[in-house]
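Report on one structure; see the data block that follows.
Fair warning: this is a prediction, and the values are worked out from it, not measured in the lab. Scope of the values below: all heavy atoms of this structure, side chains included, with no hydrogens, waters or symmetry mates. For reference, positions follow the sequence shown, starting with 1.
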Amino acid sequence: MVSILAHAQPSGMDDVTHDVTNQAPPLAPYDASDDTALLEGLRREGAGWAEDGVRRLGLRAGGAEAQEWGEQANRHEPELRTHDRYGNRVDEVDFHPSWHHLMRAAVAEGLAGAPWADDRPGAHVARTAGGLVWGHTEAGHGCPTSMTYAAVPALRRQPELAKVYEPLLTSREYEPGLRVPTEKRGLLAGMGMTEKQGGSDVRTNTTAATPTAEPGVYTLRGHKWFTSAPMCDVFLVLAQAPDGLSCFLVPRVLPDGSRNPFRIQRLKDKLGNRSNASSEPEFDGTVAWLVGPEGQGVKTIIEMVNCTRLDCVMMSATLMRKTLVEAGHHVRHRSAFGARLVDQPLMRNVLADLALESEAATTLTLRLAGAADRAVRGDAGERTFRRIATAIGKYWVTKRGPAFTAEALECLGGNGYVEESGMPRHYREAPLLSIWEGSGNVNALDVLRALGREPGAADALFAELALAEGADARLDAAVTRLKGRLADASPSGARRLVELMALTLQASLLVRHAPPAIADAFCATRLGGDWGYAFGTLPDTADVDGILERALPGGE
């Protein structure tokens, strides 16, 4: 009897079932700065001088090596070592070499504190643009660079401390490892605000600050709930001093070389942002230096929060752009039902809708960066606009991130659902940016607070919107609606109010600065109501070809 198995495999056909067809090639290397809206915004907001550097960084960010660093930093997560081999408490966090490669590049490129030492107008805009392209590598390491950037203006509330630490925080040298801060070539800063009983309600903090015999020096006792990047050299921490909630500088290593008590109880097991260590440190006799007056901790640290909120907007815009580029690359190389996906009308509608959202986010991000840059240089009007507009942008752009990344992932279908594609990592990252530095409710209510407590906040917003007056009837009508809603603004309606603020602000920027195809489609859908409830529901009148020609790098 002859076995049927002898005839089951035809000769010469061993590899037929493993031929790979109809799959997209690797995206890298690509140019992460190949983004017309980004480059136009960079020039418009006063940092055109940085364009060559941003383009160079974009090529590096999209290179195979940097993309691999991002993958490896998330695959090999940080590990906590509470004790050394002899039983001494060390509270060290170990990282994969890829994390250090990413950090070294980011600090050297000025994405941490460097803009504060740069007198050129547009320095802060240049940093934001750099973040928009370097963020294509990996999101987690943006946390310590962001906090380092944000710590400088808060630290300036205590000039004698700023004199010592600011030159190191603004350095472009990355020097990991815990040592005496003043003996290093560059420092990283973190922040410790929230506690388990209150979260964003920091005034309920229970960490106690006890004055010592040395003026301005205290000891802390308490437990923080979310303190990211515990390997940083110094931290700005909120604690209850005799005269109320106050801000303190806490170094990991004291001037005499001894370890400051900073006992890391555990690292958080997070949904995303897994390359970055987030910890629960315990303070017990921890030495701290007062920053700003006692009882004014929130007022002192709020400048830090404003900076990190801008970075949340930036990072959300970066994720949008990164996932749009991934989706565009896939559909150009994948075919179904007899045609490339990019040529299928409904897929083109989805991509064009995502492109509108991405450009609106990028354009608003750079406008906020421009306001921040000019505010630092003494422009009072821009300072007021920045105060309300950053809160608006933080609420809305970060809210759009998760829905956007989910739709971009779906463009890849099942290929996007597997870890190797990188899209699941981006999807897990997106919600963090809405939660970090105040969740949606906190930021929506902060807009109401700004309207009530900041003289001129509403006027600054409407002055910006007025720059596009008469250019689009749908935008004009939305601004009129917004003015009406302001008259009876209430906490329960804060989200709807801030949403309309964000959409009118984005629309006004696009009407003034984007091509007609972009501005018209955005106003028709986001303001005019000619839209569905999901991405990919642009009306037939939308210039999809014009939108995609601008949005997809390298053409179609």
Side-chain angles (χ1 to χ4, degrees), residues 37 40-41 44-46 125 306 309-310 313 317 356-375 379-400 443-489 493-531:
E40 289 179 352
R44 185 170 58 246
E45 297 299 337
V125 178
N306 283 334
R309 283 181 175 174
L310 170 57
V313 182
L356 289 179
E357 197 75 27
S358 176
E359 177 151 350
T362 297
T363 303
L364 177 56
T365 297
L366 290 166
R367 174 66 184 95
L368 296 176
D373 190 87
R374 290 183 281 276
D379 189 322
E382 287 288 83
R383 183 181 300 111
T384 303
F385 172 75
R386 173 204 183 195
R387 169 66 182 91
I388 189 168
T390 299
I392 292 169
K394 167 63 168 75
Y395 171 80
W396 183 242
V397 175
T398 63
K399 276 280 177 228
R400 300 299 290 153
N443 278 274
L445 293 173
D446 189 45
V447 173
L448 295 189
R449 187 177 302 109
L451 291 170
R453 298 182 184 179
E454 301 286 338
D459 292 340
L461 176 62
F462 284 111
E464 179 76 14
L465 298 177
L467 296 175
E469 186 175 2
D472 189 285
R474 295 157 298 194
L475 174 57
D476 290 343
V479 173
T480 299
R481 292 199 305 273
L482 178 58
K483 290 178 178 177
R485 288 189 186 180
L486 276 180
D488 58 353
R495 285 188 174 218
R496 293 193 66 182
L497 175 67
V498 178
E499 177 179 321
L500 184 56
M501 287 178 167
L503 291 173
T504 53
L505 182 54
Q506 288 181 322
S508 71
L509 291 167
L510 295 178
V511 164
R512 289 155 52 200
H513 305 304
I518 303 293
D520 180 72
F522 189 90
C523 289
T525 54
R526 276 65 170 173
L527 298 178
D530 196 1
W531 201 28

Give me the atom names and distance for the closest heavy-atom approach of [X] to [Y].
| X | Y | answer |
| --- | --- | --- |
| Arg383 | Ala375 | NH2-O, 3.3 Å |
| Ala371 | Arg386 | CB-CB, 4.0 Å |
| Pro515 | Glu359 | CD-OE2, 4.4 Å |
| Ala458 | Leu451 | CB-CD2, 3.8 Å |
| Leu475 | Ser508 | CD2-CA, 3.7 Å |

Reference residue Ile392; test side chain to side chain contact (heavy atoms under 4.5 Å, CB included); the match among Val313, Thr504, Val397, Leu461: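 Going through Val313, Thr504, Val397, Leu461 one by one, the side chain to side chain contact (heavy atoms under 4.5 Å, CB included) with Ile392 is satisfied by Leu461 alone.
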In this structure, which one of Leu364, Leu368, Thr362, Thr363 forms a side chain to side chain contact (heavy atoms under 4.5 Å, CB included) with Leu366?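 By the side chain to side chain contact (heavy atoms under 4.5 Å, CB included) criterion, Leu366 pairs with just one of Leu364, Leu368, Thr362, Thr363: Thr362.
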Tell me, do [X] and [Y] make a side-chain contact under 4.5 Å, heavy atoms counted?
| X | Y | result |
| --- | --- | --- |
| Ile388 | Glu454 | no |
| Phe522 | Val511 | no |
| Asp472 | Leu527 | no |

Looking at [atom1] of [X] and [atom2] of [Y], how far apart are the two atoms once the value is rounded to the nearest 0.5 Å?
| X | Y | atom1 | atom2 | value |
| --- | --- | --- | --- | --- |
| Trp396 | Gln506 | CH2 | CD | 8.0 Å |
| Ile518 | Cys523 | CD1 | SG | 11.5 Å |
| Arg453 | Leu448 | CZ | CG | 11.0 Å |
| Thr390 | Phe385 | OG1 | CZ | 8.0 Å |
| Arg309 | Asn443 | CZ | CG | 4.0 Å |
| Arg44 | His513 | CZ | NE2 | 4.5 Å |

In sequence, state the C-alpha distance, the side-chain angles, and the governing distance for Lys399 and Glu499, and then conclude on side chain to side chain contact (heavy atoms under 4.5 Å, CB included). CA-CA 10 Å; Lys399 276 280 177 228; Glu499 177 179 321; over 6 Å; no
Between Thr365 and Glu45, does the side chain to side chain contact (heavy atoms under 4.5 Å, CB included) criterion hold? Intermediate values first, please. CA-CA 11 Å; Thr365 297; Glu45 297 299 337; over 6 Å; no
Heavy atoms of other groups near Arg481 CZ, more than 12 under 6.0 Å: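 Counting neighbours around CZ of Arg481, more than 12 heavy atoms of other residues, nucleotides or ligands fall under 6.0 Å, so yes.
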Atom CD of Glu469: over 12 foreign heavy atoms under 6.0 Å: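 No - once you tally the heavy atoms of other residues, nucleotides and ligands closer than 6.0 Å, there are 12 at most.
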Measure from the side-chain N and O atoms of Asp476 to the backbone N and O of Gly470, and report whether any donor-acceptor pair falls under 3.5 Å.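 Yes; judged by distance alone, with no hydrogens or angles, the pair exists.
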Which residue pairs satisfy the salt bridge (charged side-chain N to carboxylate O under 4.0 Å, His left out) criterion with at least one member in residues 501-519, sequence neighbours excluded?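 Applying salt bridge (charged side-chain N to carboxylate O under 4.0 Å, His left out) to every pair that reaches into residues 501-519, excluding sequence neighbours, yields Glu464-Arg512.
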Pairs where residues 516-526 contributes a residue and the test salt bridge (charged side-chain N to carboxylate O under 4.0 Å, His left out) is met, not counting sequence neighbours: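 Residue pairs with at least one partner in residues 516-526: Asp353-Arg526, Glu357-Arg526, Arg474-Asp520.
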Short N-O contact, Asp446 and Lys394, less than 4.0 angstrom: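 Answer for the salt bridge query: no.
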